[in-house]
Amino acid sequence: MRKGREVLVIGGNRYFGKRLIARLLAAGDRVTVLNRGSSAPPAGVVHLIADRGDEKSLTAALGSRTFDAVVDQVCYTPRQAEIARRVFTGRTRRYVLTSTVEVYEYEDSIAPVRETDVDPLGVAVDLELPWDDWEFLESHYGEGKRQAEAVFAAAPGFPYAAVRVAHVLGGDDDFTSRMTYYASRVRGGTPIAVPVVNHPATYIHVEEIADFLFWTVGQDFTGPVNAASHGLLTTEDLCDAIAAHLPDGKAVFQHVEVGEVSPLSFTRAYGMDNSRAVRLGFRFTRAREWLPKAVAETLGRDAV
């Protein structure tokens, strides 16, 4: 039998984070969850309370603890990454950063983007930007993740992996409201604003990304890796699946050249190439196969 591991999860009390914790516990791992105390973690874990952006607070909460792996669900800035790198150097054998497809926000490639298209070693880090300003951080989400990756990559020997997560769908606890946004418009036949050229994107089911993160904890590869189900989906694909769940609904699209567009509609192409993860041994599902299930999970019976 495999010996249980000591795993620290920073943040991650909701959505795919809580599913990851459930998988670790089911595998016999000893799980510690660190957050600011705003929400209680699942039963069966050790709970540490600290502000991960405060180095003294983080160090004090950890004490002398060491870990086989750390999964960082809430590292959004290079400042947070700098603190984490200092605190966890020599304290863990593996550091998994939950990154994002948004690191490719400046790409516009018909071919699916590969990890090498955004090499963290080539990303400039600016710690003086107003990372503590919530509005700035929200509008620079991809940049914050890019620079966080760069901080870890610049540390020789730091055993990090950065999981670049595709857009996540599914589950009855999807807090983003993106699918309910579309459902309300499909139900009422309200026009859905999309770009004139509306590019497809890559997605992953909430259960699959939890599986992927759990798998990553047990691997030894380093650097960035794309996590996305096989195949691309368009806004039209999403709305067709929603319309099938709402028999009296109809998707009506309004193409706009300038102005705000609906969530999960894109003026640029940057679907992710998942071949590195496949070569490493992970088996992804196909997005079109799980999409109807994801819609049903998120919208539930009340949407019918």
Side-chain angles (χ1 to χ4, degrees), residues 13-20 22 39 100-102 104-105 108 110 112 138-139 141-142 165-212 226-272 274 283-304:
N13 278 355
R14 63 178 180 174
Y15 208 32
F16 58 83
K18 70 179 184 182
R19 290 168 171 81
L20 167 63
S39 59
T100 174
V101 62
E102 294 302 327
Y104 299 115
E105 64 181 328
D108 189 355
I110 298 301
E138 189 173 30
S139 62
Y141 176 66
V165 181
H167 306 287
V168 183
L169 298 177
D172 60 3
D173 54 341
D174 181 354
F175 62 93
T176 67
S177 299
R178 295 174 302 196
M179 297 298 270
T180 54
Y181 167 92
Y182 281 117
S184 67
R185 280 154 178 75
V186 168
R187 187 184 293 108
T190 308
I192 298 166
V194 295
V196 173
V197 180
N198 187 23
H199 292 280
T202 40
Y203 293 83
I204 193 165
H205 190 272
V206 63
E207 300 291 344
E208 187 165 36
I209 188 56
D211 287 340
F212 189 88
N226 291 338
S229 300
H230 295 303
L232 300 172
L233 297 174
T234 64
T235 310
E236 288 82 356
D237 293 327
L238 301 182
C239 291
D240 285 347
I242 291 170
H245 189 74
L246 302 172
D248 295 329
K250 181 180 180 182
V252 178
F253 297 99
Q254 178 183 3
H255 294 88
V256 298
E257 294 186 4
V258 179
E260 187 174 352
V261 295
S262 301
L264 303 178
S265 58
F266 304 98
T267 58
R268 64 196 181 284
Y270 65 127
M272 291 197 296
N274 63 12
R283 300 180 67 178
F284 291 103
T285 60
R286 296 192 174 277
R288 289 185 183 275
E289 294 177 359
W290 56 249
L291 179 59
K293 174 187 174 184
V295 169
E297 291 169 346
T298 302
L299 300 184
R301 291 183 178 274
D302 292 342
V304 177

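Note that this is a predicted model, so its numbers are computed, not measured.
For the atom pair Arg14 CZ and Asp173 CG, the distance stands at 10.0 Å (nearest 0.5 Å). With values rounded to the nearest 0.5 angstrom, Leu169 atom CG is found 4.5 Å from Trp290 atom CH2. Taking CZ of Arg185 as the start and CG of Leu246 as the end, the distance is 13.5 Å to the nearest 0.5 Å. Rounding to the nearest 0.5 Å places SG of Cys239 at 13.0 Å from NZ of Lys250. Summarising the geometry, atom CD belonging to Glu207 is positioned 11.5 Å from atom CG belonging to Leu20; distances are rounded to the nearest 0.5 Å. Annotation: the span from Asn198 atom CG to Phe253 atom CZ amounts to 8.0 Å, rounded to 0.5 Å.
By the side-chain hydrogen bond (donor to acceptor under 3.5 Å, both in side chains) test, Asp174 pairs with Thr176, sequence neighbours left out. Partners of Tyr270 by side-chain hydrogen bond (donor to acceptor under 3.5 Å, both in side chains), not counting sequence neighbours, listed by chain and number: Glu102, Arg268. By the ring-ring contact (aromatic ring centres under 6.0 Å, His included) test, His199 pairs with no residue at all, sequence neighbours left out. The side-chain hydrogen bond (donor to acceptor under 3.5 Å, both in side chains) check on Thr234 picks up Glu236, Asp237, with sequence neighbours excluded. By the side-chain hydrogen bond (donor to acceptor under 3.5 Å, both in side chains) test, Glu297 is found to be paired with His205, residues two or more places apart in sequence or in another chain being considered. A search for ring-ring contact (aromatic ring centres under 6.0 Å, His included) contacts involving Tyr203 returns His167, not counting sequence neighbours.
At a threshold of 4.5 Å between non-hydrogen side-chain atoms, the residues Arg187 and Asp248 do not count as touching. Considering only heavy atoms from C-beta on, Thr180 comes within 4.5 Å of Leu299 through its side chain.
Taking both residues in full, the closest heavy atoms of Ser265 and Val194 are given as CB-CG1, 4.1 Å, listed atom of the first, atom of the second, then distance. The shortest non-hydrogen separation linking Leu233 to Ala287 is CD1-CB, 3.9 Å. Shortest non-hydrogen contact noted between Glu208 and Arg283 is OE2-O, 4.1 Å. Taking all atoms of both residues into account, the shortest heavy-atom contact from Gly271 to Leu232 is CA-CD2, 4.0 Å. Annotation for Gly171 and Arg19: closest pair CA-NH2, 3.9 Å, computed over non-hydrogen atoms.
Cation-pi geometry between Arg178 and Tyr182 is not met at under 6.0 angstrom from the ring centre and within 45 degrees of the axis.
Looking only at distances, no side-chain donor or acceptor of Ser262 sits under 3.5 Å from a matching main-chain atom of Ile192. Of the possible donor and acceptor atoms, none in the side chain of Asp172 sits under 3.5 Å from a partner among the backbone N and O of Thr298.
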